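Data block below; observations after.
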Amino acid sequence: MDEEKVIAKKLIFTHKNGFRIVISAHFIPLTDNQGRIIMVAEMFEELSIMDRDTSLVQNLYSLAYHDSLTHLPNRVLLEATLRMRFSEFHRLRQSFAVLFADIDYFHKFNEQYGHTTGDTMLKMVAGNMKQSSRKSDTIGRWGGEEFLGVFPIKNKKDTVVIARRLQKMINQTFIP
């Protein structure tokens, strides 16, 4: 309160029944005639889930729909994307391609070099796939060393072009 300005904070309190509540707290300095702070008024208001910190909601969304290792969309988000693309295809005849890829001999690689190195390989492949994709593409981790991509296309020949581009990128991925 030394700055003589209103301070707003979001606080988390535990209710007497055990659940947590998010409170918006405002601390307002009250001064005398000489400008000295003589007391502080406090206002508290419970926030609804939608009014809470937006970053909290974004973090929860990210945790629910993205793989924690690669940060790519996870299987749940990939399945939702597939449902959306199938719906667009049936309603609007918008074509799309689905490509499935896995890393050959990954289990053997993991055993030989360890899980930390295997995780590094997965992250590198994921990062390279993400970099080589368009904004309209969705590439995610299906599970283990398996990846799935959903790509809007104009015609069937585009599928081969996309597959070759991804295959070339994967073949150039290595760990020193």
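Keep in mind the model is a prediction, meaning the values are calculated, not measured.
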Is any NZ, NE, NH1 or NH2 atom of the basic residue among K154 and D158 found under 4.0 Å from an Asp or Glu carboxylate oxygen of the other?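 Not counted as a salt bridge, because no side-chain N and carboxylate O are separated by less than 4.0 Å.
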May I ask you to decide whether K108 forms a salt bridge with E111, counting only side-chain N to carboxylate O separations under 4.0 Å? no
Would you say that more than 12 heavy atoms from the other residues, nucleotides or ligands in this model lie under 6.0 Å from the OH of Y105, or not? no
Looking at CZ of R75 and CG of L148, how far apart are the two atoms once the value is rounded to the nearest 0.5 Å? 9.0 Å
To the closest 0.5 Å, what do you measure between CE (M39) and CD1 (I37)?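 Atom-to-atom, M39:CE and I37:CD1 are 12.0 Å apart.
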Starting from V76, can I reach F100 by hopping between I/L/V/M/F/W/Y residues whose side chains sit under 4.5 Å apart? no
Does V161 belong to the same Ile/Leu/Val/Met/Phe/Trp/Tyr cluster as V150, with side-chain heavy atoms less than 4.5 Å apart forming each link? no
Exam field: side chain [X] to backbone [Y], donor-acceptor pair closer than 3.5 Å:
X    : Y    : answer
S87  : R83  : no
D137 : R134 : yes
N74  : A64  : yes

With sequence neighbours excluded, what pairs up with F89 under the ring-ring contact (aromatic ring centres under 6.0 Å, His included) test? none
Apart from F147 itself, which Ile, Leu, Val, Met, Phe, Trp or Tyr residues share its cluster (side-chain heavy atoms under 4.5 Å, direct or through members)?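 Once heavy-atom contacts under 4.5 Å are chained together, F147 belongs with L69, L72, L99, I103, F106, F109, Y113, M121, L122, M124, V125, M129, I139, F151, I153, I162, L166, M169, I170, I175.
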For residues T70 and D67, is any side-chain donor paired with an opposing acceptor at under 3.5 Å?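 A pair is found: one side chain offers a donor N or O, the other an acceptor, under 3.5 Å apart.
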Would you please say whether a donor-acceptor pair under 3.5 Å links the side chains of S24 and H26?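 Side chains of S24 and H26: pair found under 3.5 Å.
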Steps toward side-chain contact (heavy atoms from CB on, under 4.5 Å) verdict (E88, Q94): CA-CA 6 Å; E88 288 173 349; Q94 291 181 343; 3.6 Å; yes
